[in-house]
Every structure is written in C-alpha cells, then in structure tokens.
Amino acid sequence: MKWIFIFLGSVFIPFVEARESSLESWIQIEKQVSIERMFLNISPPDAMKGVVIASPSRYSPDYRYHWTRDASLVMDQVVWLYQKSSVDSEKYLSALKNFISLSLYQQQTPSAEGLGEPRYLINGIADTTPWARPQYDGPALRIQTLIHFLKQLKNENFGIQSEAQKVIKADLEFVIMNWRKPCFDLWEELKGLHFYTQAVQYAALISAAEYFKEFGDLDFSIKLTKESIEVKNELDKYWDEFRGYIGASRDLEIRDSNPRYKESNLDVSVILGLLHGQNHSYLSFLDDRLMATAHAIEIAFAREYRINQQVTTVAIGRFTDDVYYGGNPWYITTAAFAELYYRIGNAYKNEGALVVTKNNIAFLEAVLSNEKLSLGQKILSSTHLGLRILSGLHQKGDNFLLIVRKYVGSQGEMAEQFDRNAGVPVSAYDLTWSYASFLAAINFYN
Ligand code: NOJ
Ligand code: NOJ
C-alpha cells in the first residue's frame, strides 16, 4: 500500500489511513482538504480579486472562468465557515468582501445577456465566446448567498452592508424581470423552463422578502412576496403524476441530433434546486413528491454505472443519458444526496411525524432496508419505527459520503466527475464546487 502524507496544520496525517478510519475522522480531514483546495481557487494570483475559478484546469475542459452559479454556491460555504469560526474569520470576511465588490463590478460591465451571462473571464469582464446563454439561476443564488452573509455579519459594517444590498437589489430586479422566460439549465445544455432555476428564484424572492421586512422596507417586501407566490404556482406544474416524480424541465428545446435526449425528464437538478433553496425551499424536506423524485433518481442510477453494481447506495450523476466526458457520476450530485438524507432526517425530527403515501412508500421502505409499510400509516418520529426511520436516513446520508470517500483522489482531491467504470477522478480537476458540495453536506451531519 502506498502511504501518502498530507500536511494539515502541524501534524502529518497519512491520507490512506484516514480513508480507512471512521467516517467521522475522515470527514474532519476531508473538510480541511476541501477548505484548502477551495481557497486555492478563490482570488488566484493572476485573477481579479473576488474571482472564483471553477477549476484550475486550462484545457479538457478549460474551466478557468468565474461562473456566477459556481461562485455563489462556493461563497455560500465561505459564509458558513465565517459563521462558525472566529479564528479564520478575517480570511473569510475578506474573501466575502472581495466577492461583493467583484459582483458589483460585473453587474455593471457590458454583457450580451445582462445578468443572465453565466460566466466571466478571470479579469472580471463578461465572456463573449459562444456559450449556452442566457442562464437565469446565477443572480438568484447570489442573492441568497449575500443575504445569508448579511444575516451573519458579526460587526456593524455599513460599508459592506450597503454594497451587498446594491448587488442584491440589481439581482432581484433581474429575477423579477426574467423568471418567466426560458433560458439554459444549470447544466448549460438545453433551453426551456427549469425546475432548478425557478426553485432558486423562488427561494431568493422569499429570503429577500424576509430580509427587507426585517430591514423595515415593507412595501418592497410585499412586492417580493407577491412575486414569489406566482413562481410557486409555476413550480407546482413540474410534478408529473403519471411518472411519479418532479420533472426537471418544461417546454424543453429538442436536440436535433438526438430528439429523445432527456426524454425521461428525470434529473438530479430537481434535488439541487431544493437544497439550494437554503431555508426557503419550495418544498419541505418531508414532502412525498421530493421523496418520490429522490427514489426514482437512485433507481435510475443504480442501473447506469458499473461501479454501482452490487452496492446498496449508489453513485449519482446528473441525468442518465448524460454524455459529457462519457456521462459519469459527479461528486457534487453524490454529496448532494448525503445532504438530502441528512436534511430529510432533520425535518422529520423537527416535524415529528410523517404519513406513508403512494409517493413516498418506496423511498421509506428502502430507508428501512425493504421492510413493508402500509399506505395511510402515520409514523411519529418518537416511536420505535420512527427512530428506525431516523437512523436509516442518517445511515443513507453516511453511505453517500462513503461513496465520495471511496472515489476521491489519493490525497482527498475531487475533480468534477469520477469514472463510471474505473471510479477514478475525471474531467476538470479540483473543481471548486465539488469541495463546496462536500462542505454543504457535512453542515448537516450530526
Ligand atoms: C459544457 C457544459 O459546461 C456542460 O455542462 C455541458 O454538458 C457541455 N458543455 C455540453 O453541452
Ligand atoms: C458544467 C456544469 O454543468 C455547470 O453547472 C457548471 O457551472 C460548469 N461546469 C462549471 O463548473
């Protein structure tokens, strides 16, 4: 066995040993690896301050760009780190300040699609190469990250506050103007209406309504709430009663070269759209439509990859007919499933009860290792059965993290994808969002 040592603070920890130790201690080590590697991609030396490169990879693929989506999700993890620490908080605070200044600059720089521009060069200006644009999720994600930050801001800092509010207001205006319009999905593939995009737009409107209400701007808050109700009505239309899951898109453009592409409309983006709604998700994590969708995704991916044969918890990709870099499982989507199970468990603990329905029965039975349940059965979380569901949910979350642990590189590094047959990291190396998605999942590990 090869021993690889990674340097963490003042102790050397053999990574291979960490990988074979308890999940708990691996999480602690992987957390440090993720923070370190994530920060290498935030304001790298040759970029404008505040830029978050998606990955240092320059070719196959070239990811040295600042995507608003990736950057906002990454910076949200910096907010979490800021919120939880005191030791490093200067470092986190200055990264967040830079992100806000950069965002203000980018909002004012010319671009073909206004704030619907998905990515910027590392010098801060908008990308002009042919690309899947517009994409409308970025501003919504940035609103949520910045509101999350403003709520955590430890010292009164009016400078930061007013700069962040300017960014938020411009993003809100853009969301209000555009949420009804078709755009490219977060995977940058086809134009249409997308659950992911509208789910994060909804959450952005709600969190802003709440924030501006607390801030005393009642009229604005009411306007935002009204708008969010309309988005919610649109979101309700994605549930596919016949297929039994929430569909990813509506009015999707057809790909000429493959008219059946994405025909199942089953896509992990639905789960991401709920997770990325922070505390203002369109659905409760106990909603049976969410459970139905999660279950359908797991079943679909179980059949998909060689590395998923003969295992009980499976590696997750974007959608099953994905062909990008061979169509593999991704770290962000597998980590998202860990986060999902932890959050369902937390919601169950908080709400105290659930009812077995035709939509959630298969999901819940799988959580109980195929024990049979009956429709209409109400299960309190404090009962023996309820406690077994809670521990089953936690175990599932752990199992997804164990998959991540199995397929990270020899020093804990995460690329964009891991090979469906060989399980080795592929496509963009050190994908910033992969580290952020792992940190997002462990925020809910307890
Ligand atoms: C690059 C995008 O970033 C990726 O998500 C997509 O799958 C490919 N282009 C193909 O459209
Ligand atoms: C491709 C992904 O599909 C997209 O969501 C992401 O923004 C870019 N890669 C950059 O990581």
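When a ligand or atom number is given, it counts from 1 through the structure's own listing order.
Salt-bridge annotation for Arg180 and Glu234: absent, with no side-chain N of the basic residue lying under 4.0 Å from a carboxylate O of the acidic one. Between Glu188 and Arg69 a salt bridge is recorded (basic side-chain N to carboxylate O distance below 4.0 Å).
Atom-to-atom distance recorded for Arg37:CZ and Tyr435:OH is 4.5 Å, nearest 0.5 angstrom. Summarising the geometry, atom CG belonging to Asp76 is positioned 14.0 Å from atom OH belonging to Tyr82; distances are rounded to the nearest 0.5 Å.
Nearest heavy atoms, His194 versus Cys183: NE2-O, 2.8 Å. In this structure, Tyr202 and Tyr282 approach most closely via the heavy-atom pair CE2-CA, 3.6 Å.
Enumerated by chain and number, the residues approaching ligand 2 to less than 4.0 Å through a heavy atom are Ala54, Tyr63, Trp67, Arg69, Asp70, Leu186, Trp187, Glu188, Arg318, Trp330, Glu416, Leu431, Trp433.
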